[in-house]
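Below you'll find the structure, written out as structure tokens, and then a few comments.
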Amino acid sequence: AIDALKDCLGAKDAIPALVKALRDHDLKVATAAMVTLSTLANDAAPQIIPLVADPDVQTRRQAVQALRCGPQVPGVLSALLGALKDKDAKVREGASVNLMAMGAAAKEAVPTLAAGMSDPNADVRYCFLMALGNIAPDAKETKDALAAALKDSDPKFVDRAKEIERMMKAAQARQRK
């Protein structure tokens, strides 16, 4: 139905209906809308951004996932920075993954990501550390976060941090060549 709506109305004309579908209580409908909106994120961002702060957790999760666009789109970076502090772990993870995809263009997120390394959820800490490693691998905040992660009390998280450390070292070695 979501694809038919997009095909029938045209991509840009379908955006308002797709944004409304993000709030659907049927998770399949909301997810389908999110996937479609993520392909239109540059055009849909102005309508998606307010949903990042929606009272409904599922809507916030879907909105963050749909904001797969660059920092050049007004309001996206700010919305994702705010989502890094959301009370829901999945929203925080989704925001960090989108920021990670922006790379160095999301350097404004480094202090918030570094501060978030004290998050009680190990999956969130992992996503934040991955984002730091991709956005600013040579930044002091990233190096400090990695050093702390390697000393974490959760052995599984330490293993994941070692994996990130290996990836960062490999990326730095490729850059030197």
Side-chain angles (χ1 to χ4, degrees), residues 22 34-35 37-38 41-42 44-46 48-177:
L22 278 180
M34 178 273 297
V35 169
L37 280 168
S38 69
N42 287 350
I48 298 169
I49 289 170
L51 299 179
V52 173
D54 195 87
D56 180 66
V57 68
Q58 288 299 338
T59 299
R60 292 195 313 274
R61 288 177 180 177
Q62 299 292 357
V64 166
Q65 292 297 319
L67 278 179
R68 293 184 184 151
C69 48
Q72 77 282 0
V73 178
V76 169
L77 191 54
S78 177
L80 292 174
L81 285 171
L84 290 175
K85 298 176 184 175
D86 194 275
K87 60 186 173 187
D88 182 70
K90 294 292 183 195
V91 172
R92 296 192 303 275
E93 288 174 29
S96 67
V97 169
N98 283 352
L99 289 164
M100 178 176 63
M102 292 179 187
K107 65 183 179 214
E108 188 180 326
V110 169
T112 306
L113 288 163
M117 290 302 299
S118 61
D119 194 288
N121 185 302
D123 291 334
V124 171
R125 292 194 311 274
Y126 174 73
C127 289
F128 279 26
L129 188 58
M130 285 285 291
L132 283 166
N134 197 53
I135 294 168
D138 296 322
K140 181 185 182 325
E141 294 96 327
T142 302
K143 291 175 182 179
D144 291 349
L146 180 59
L150 293 170
K151 297 175 186 171
D152 196 273
S153 62
D154 180 345
K156 285 184 181 181
F157 180 71
V158 172
D159 288 343
R160 294 169 89 187
K162 288 177 182 176
E163 173 189 320
I164 293 170
E165 180 182 42
R166 283 190 295 275
M167 289 189 301
M168 287 172 59
K169 285 181 179 179
Q172 288 169 341
R174 282 191 303 273
Q175 287 178 344
R176 283 187 225 125
K177 289 184 181 183

Nearest-0.5 Å distance, CE of residue M117 to CG of residue D152 | 7.5 Å

Side-chain donor/acceptor of T59 to backbone N/O of L51, under 3.5 Å = no

From L77 atom CG to N98 atom CG, the distance as rounded to the nearest 0.5 Å = 11.0 Å

Which atom pair, heavy atoms only, marks the closest approach of V97 to C127?
-> CG2-SG, 4.4 Å

Sequence neighbours left out, what passes side chain to side chain donor-acceptor pair (under 3.5 Å) with Q65? Give chain and number order.
-> R68

Out of E93, K156, E163, which residue meets the side chain to side chain donor-acceptor pair (under 3.5 Å) rule with Y126?
-> E163

Spacing of NZ belonging to K162 relative to CG belonging to L146, to within rounding of 0.5 Å = 11.5 Å

Over all atoms of both residues, closest heavy-atom pair of P74 and I49 = O-CD1, 3.5 Å

How many angstroms lie between CE in M168 and CE in M130, if you round to the nearest 0.5 Å?
-> 10.5 Å

Nearest-0.5 Å distance that lies between atom CG in L99 and atom CG in N134 | 10.5 Å

What one should report as the nearest heavy-atom pair of E141 and A114 is CB-CB, 3.8 Å

Closest non-hydrogen atom pair between N121 and A89, with its separation = ND2-CB, 3.5 Å

Locate the shortest heavy-atom distance separating D154 from A122; write the atom from each residue and the value.
-> OD2-CB, 3.7 Å

Where do D138 and Q172 land on the side-chain contact (heavy atoms from CB on, under 4.5 Å) test, with the steps shown first?
-> CA-CA 9 Å; D138 296 322; Q172 288 169 341; 3.0 Å; yes

Drop me the distance from I164's CD1 to D159's CG, to the nearest 0.5 angstrom.
-> 11.5 Å

Side chain to side chain donor-acceptor pair (under 3.5 Å) with D123: which residues, sequence neighbours excluded?
-> R160

Pairwise salt bridge (charged side-chain N to carboxylate O under 4.0 Å, His left out) hits with a residue in residues 105-119, at least two apart = R92-D119

Audit row: V64, L67, side-chain contact (heavy atoms from CB on, under 4.5 Å) steps and yes/no = CA-CA 5 Å; V64 166; L67 278 179; 5.8 Å; no

Salt-bridge present (R60, D88; N to O < 4.0 Å) | no

For V52 and A83, work out which heavy atoms get closest and say how close.
-> CG1-CB, 3.8 Å

Begin with the C-alpha distance, continue with both residues' side-chain angles, and end with the deciding distance and a verdict on side-chain contact (heavy atoms from CB on, under 4.5 Å) for S96 and V124.
-> CA-CA 8 Å; S96 67; V124 171; over 6 Å; no

